[in-house]
Amino acid sequence: MKHFTTVNDIANPELLIEEAIQLKSNPYQFSELGKFKTLGLVFLNPSLRTRLSTQKAAKILGMEVMVMNLDKESWAIEWNDDVIMNSNNVEHIKDAATVLGSYCDIIGIRCFPSLTDKKLDYSEKILLQLMKYCNVPVISLESATLHPLQSLADAITIKENWKEPYKPKVVLTWAPHIKALPQAVPNSFAEWMCKLDIDFTIAQPEGYELCDDYTSGAKITYNQEEALNEADFVYVKNWSCYHNYGKTPEVNSNWMMDLEKYKLTNEAGIMHCLPVRRDVELSSKLIDHTNSLIQQQAANRVYAAQTVLKNILQGGYMKKNLSEKYSLEEA
Ligand code: CP
């Protein structure tokens, strides 16, 4: 694993999930692996779980961690190449990323979408510009289109509660919200679930279909009740429209998951990535239900991050010695 930005960066997702569960049983077994290595965490948007779980994971591996809220604490970044920098942007990403890479051995970045420009958001320009210029492995802490650390934690949680060899029915259901949210969590969850040997269904109102790139292999329905029937895991999440990009057209029926709908399921594990708006997206009674896996998902964020960092550290994909890099380029 060189970078971690999508499930496609992983040779075998099933093995990575097993490795994370094994690591969870003995978290301090690699406490020297990250000695003298530094993780840089760069945030362009708020975070509670990703920020703290990734810091904790790095520290368990013996790494130093530096965190920067790039949008508030640094110079305004120019993300476009080949521009004359006579606007308000003070520093080019080429310069800033190269500096960050000289201080850090691995860099994580959180960069949400605009939800106004689909082409720009789905090009992952910010993530790719950092990867292009920093010369070290990059971990997505949630990009414009995907949230792979969350999905790995979700997959770990499902695996821990999956009664093998039974093939579970996993349902991702759209939920109401008061504002437009990105598609990154559902895209990513779908991308990971489609790689596993499970029965996977996505239920959403008409108009809220996700990008086909992430849902190949999923059953897709507009009928929430039909989807929930005999479900073993129900992942509740809001997202704004992909096709009518970033819009939130009104939905006529009630899509909030509640105790009444829960009765349709096979006593399903209830999942949500958090933060959740109680009794808007999901009923409080289900968030606090004995079959709620929501806190377990959040706790598993540490082991997801630790497994990814461990693989990158062991893979030897650290930055090249800078003098070696420059002499190679000059040759
Ligand atoms: N689920 C998740 O990514 O939480 P944060 O936004 O708090 O990091």
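Atoms within each ligand, like the ligands themselves, are counted from 1 in listed order.
Protein residues having a heavy atom under 4.0 Å from any atom of ligand 1 are Ser47, Leu48, Arg49, Thr50, Arg110, His147, Gln150, Cys273, Leu274, Arg301, listed by chain and number.
With a 4.5 Å cut-off on side-chain heavy atoms, Pro249 and Cys241 count as touching.
In this structure, Glu78 does not pair ionically with Lys94, as no charged nitrogen and carboxylate oxygen lie closer than 4.0 Å.
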Less than 3.5 Å apart, which donor and acceptor atoms pair up between the side chains of residues 192-200 and the rest of the protein, not counting sequence neighbours?
| residue | atom | partner | partner atom | Å |
| --- | --- | --- | --- | --- |
| Lys195 | NZ | Asn8 | OD1 | 3.2 |
| Asp197 | OD1 | Lys167 | NZ | 3.2 |
| Asp199 | OD1 | Lys219 | NZ | 2.8 |
| Asp199 | OD2 | Lys219 | NZ | 3.4 |

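With no hydrogens or angles considered, a side-chain donor-acceptor pair links Asp81 and Tyr133 at under 3.5 Å.
Val90 belongs to a hydrophobic cluster with Trp75, counting contacts under 4.5 Å between side-chain heavy atoms of Ile, Leu, Val, Met, Phe, Trp and Tyr, direct or through other members. Applying the 4.5 Å side-chain rule to ILVMFWY residues, one finds Met85 in the same cluster as Val83.
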